[in-house]
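Only one structure is covered here, and it is reproduced in the block below.
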Amino acid sequence: MLERLLSALLGDSGTAASRHEVLGIKVIVENTRPDIDTREVIDRLEATLGLIRSYVPHHFRHLARDFDHIIVKRFACRGAYFHEQRACLVELTFSVNKDFSDAEVAATILHEAMHARLHALGFPLEMADRARQERFCRRAEIEFGQLVPNGEKVVARARWTSELSDEEVAPAIDPSLAAQRIAEVDRAALRAQP
């Protein structure tokens, strides 16, 4: 299932990726959207990773070891952890969307860092109690949200999602539907370009 999702969503886009380093972490940006400035993506990552480093430094140290790199590209959700590559994905449009605070973007990275930590400790990612792992990741978000300025939305969202049913907290994603919706949004954004 995961391989089909990755194939449908991460397929070869034909876009050259740019490589960067942010606070000692390798970052790859695959910017398929001409309306998004890659420099804004990097600046936002620097700000958000800086929040993690400042407010939960113990998590930042693990993150820097457990991730091989961060990749920023279009995807069907805010973030994901790809254990085969030890990569954290941050969704391209989410990473620069001013409707989300730096704390909210940082919480997404931290959430995926918790998946990486569990993987590094030997927990299988395809385990039957995936919902339990999701709640573990949400607890780290709550800890962070309680410490960081403007973290109220982080805490509220993490608490709300933690209280969902197991099926809702760790939902199955239809890869073809997700890819279709991303393509529709991107086409609309390109049509809106002057």
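Numbering of residues begins at 1 and proceeds along the displayed sequence. Note that the structure is predicted; figures quoted are calculated from it, not measured. Worth knowing before you read on, the calculation uses all heavy atoms, side chains too, and leaves out hydrogens, waters and symmetry mates.
E91 and T93 form a side-chain donor-acceptor contact under 3.5 Å, judged by distance and modelled atom types alone.
Of the possible donor and acceptor atoms, one in the side chain of N31 sits under 3.5 Å from a partner among the backbone N and O of I36. Without hydrogens or angle criteria, R44 side chain to S95 main chain gives a donor-acceptor distance under 3.5 Å. Between the side chain of S54 and the backbone N or O of L51 there is no donor-acceptor pair closer than 3.5 Å. Listed for the R135 side chain is a donor-acceptor partner under 3.5 Å among the backbone atoms of S162. Between the side chain of R86 and the backbone N or O of R65 there is at least one donor-acceptor pair closer than 3.5 Å. Remark: side-chain polar atoms of E104 are paired, donor with acceptor, to backbone N or O of S101 under 3.5 angstrom. No donor-acceptor pair closer than 3.5 Å links the side chain of E46 to the backbone N or O of V22.
Of all heavy-atom pairs spanning F60 and L23, the tightest one is CZ-O, 3.8 Å. A pairwise comparison of heavy atoms in T32 and R74 identifies OG1-CG, 3.5 Å as the closest pair. Residue E30 comes nearest to L92 through the heavy atom pair O-CD2, 4.2 Å, listed as atom of the first residue, atom of the second, then distance. Scanning both residues, A107 and F144, for their nearest heavy atoms gives N-CE2, 4.0 Å. Contact between H59 and A140 at its shortest, heavy atoms only, is NE2-CB, 4.3 Å.
Every residue meeting the side-chain hydrogen bond (donor to acceptor under 3.5 Å, both in side chains) condition with R117, not counting sequence neighbours, appears here in chain and number order: H62, D66.
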So H58 and E143, side-chain hydrogen bond (donor to acceptor under 3.5 Å, both in side chains) or not? Walk me through it. CA-CA 12 Å; H58 55 291; E143 172 194 357; 3.1 Å; yes
CA sep, side-chain torsions, deciding dist, call: E163, T161, side-chain hydrogen bond (donor to acceptor under 3.5 Å, both in side chains): CA-CA 5 Å; E163 294 169 3; T161 55; over 6 Å; no
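For R33 and D35, the salt-bridge test passes: some basic side-chain N is under 4.0 Å from an acidic carboxylate O.
Only one option out of V72, I71, I70, V27 pairs with C88 in a side-chain contact (heavy atoms from CB on, under 4.5 Å); it is I70.
The ring-ring contact (aromatic ring centres under 6.0 Å, His included) analysis of residues 89-113, with sequence neighbours excluded, yields the pairs F94-F100, H111-H115.
You'll find the side chain of Q85 reaches within 4.5 Å of the side chain of H69, heavy atoms only.
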